[in-house]
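These figures come from a predicted structure and were not determined experimentally. Numbering of ligands and ligand atoms starts at 1, following listing order. The first residue in the sequence is number 1, and the count goes up from there.
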Amino acid sequence: MSKGPLKTKWVAPSILSADFANLERDIRAVAAAGADLLHVDVMDGHFVPNLTIGVPVVESLKKVSPLPLDVHLMIEKPERFVEDFIKAGSDYLTIHVESTASPGDVLQKIRSLGAKAGITLRPRTPLKDIEAFLPLADLVLVMTVEPGFGGQSFMADQVVKMQELSRLRREKGYTYLIEVDGGVSDKTVGQCQDADVFVAGSYVFKNDYRTAIRTLKGEA
Ligand code: DX5
Ligand code: ZN
């Protein structure tokens, strides 16, 4: 079924929709329900109009999470913090192409510090803006909502980016995973089959975790 490097699809629940007073409980529950990664949304109130969590929280999550941490940085000048986020335990660290003057240097720095390097783009940013960085990426994230908040509607006009990334990977021999983030649910996952990893916040946390995760993986 999977066209990419994974044998089965992965699901990465976004803790933005978890109970922040009970993160350990919720993380252990989604891990037991079959999740593959834990998606952690870091927002700085500048790059996006919302503030969430920072390095000390990631460090604490790392101590209790049975799942690798998939950290999505929605912050200006991420180069200031990549070392701290990797020391805190980020396994995948994803930056926005619009957030830094030197995306290639930041991706190389992430890899040199031992983490997997991810690149992403806002819905209105064209795919050509990240093409030069694809050889440096272990993960490419396609945003299907405007970054900043959970619970928004899926933007179907972004699906073409997943298709194009899948074609480029095949044709050029790239090795990145394709991840999709925003409004992913039972209703929209069918349009995302060029992605390898499904991020889902509200859909997982507002439903029975096991059923939701199995549905996204096409196992239900
Ligand atoms: C939005 C975040 C998402 C968010 C997804 O800026 O990047 O990870 O948590 O939430 P849902 O799945 O509810 O759209
Ligand atoms: Zn995210």
(request) Under 4.0 Å from a heavy atom of Ala200: give me the atoms of ligand 1 that qualify, with their elements. (result) 12 (O)

(request) Would you mind running through ligand 1 and noting each atom that sits below 4.0 Å from a heavy atom of Gly182? (result) 14 (O)

(request) Using a cut-off of 6.0 Å, state whether more than 12 heavy atoms not belonging to Lys62 lie near its atom NZ. (result) yes

(request) Under 4.0 Å from a heavy atom of His39: give me the atoms of ligand 1 that qualify, with their elements. (result) 8 (O)

(message) For atom 7 (O) of ligand 1, what is the closest protein heavy atom, and at what distance to 0.1 Å?
(response) Asp181 OD2, 2.8 Å

(request) Give the atoms of ligand 1, by number and element, whose distance to some non-hydrogen atom of Met143 is under 4.0 Å. (result) 7 (O)

(request) Mark up the atoms of ligand 1 that fall under 4.0 Å of a heavy atom belonging to Gly151, in ascending order. (result) 10 (O), 11 (P), 13 (O), 14 (O)

(message) Tell me the contacting part of Phe149 for ligand 1: side chain, backbone, both, or neither, using a 4.0 Å heavy-atom threshold, strictly below.
(response) backbone

(request) Measure the distance from atom 10 (O) of ligand 1 to every protein heavy atom, then report the residue, atom name and distance (to 0.1 Å) of the closest one. (result) Gly150 CA, 3.5 Å

(request) Answer yes or no: does an N/O atom from His72 fall short of 3.5 Å to an N/O atom of ligand 1? (result) yes

(message) Which option wins on minimum heavy-atom distance to atom 12 (O) of ligand 1: Gly183, Gly201, Gly148, Ser17?
(response) Gly201

(message) Salt bridge or not between Lys161 and Glu164? Use side-chain N to carboxylate O under 4.0 Å.
(response) no

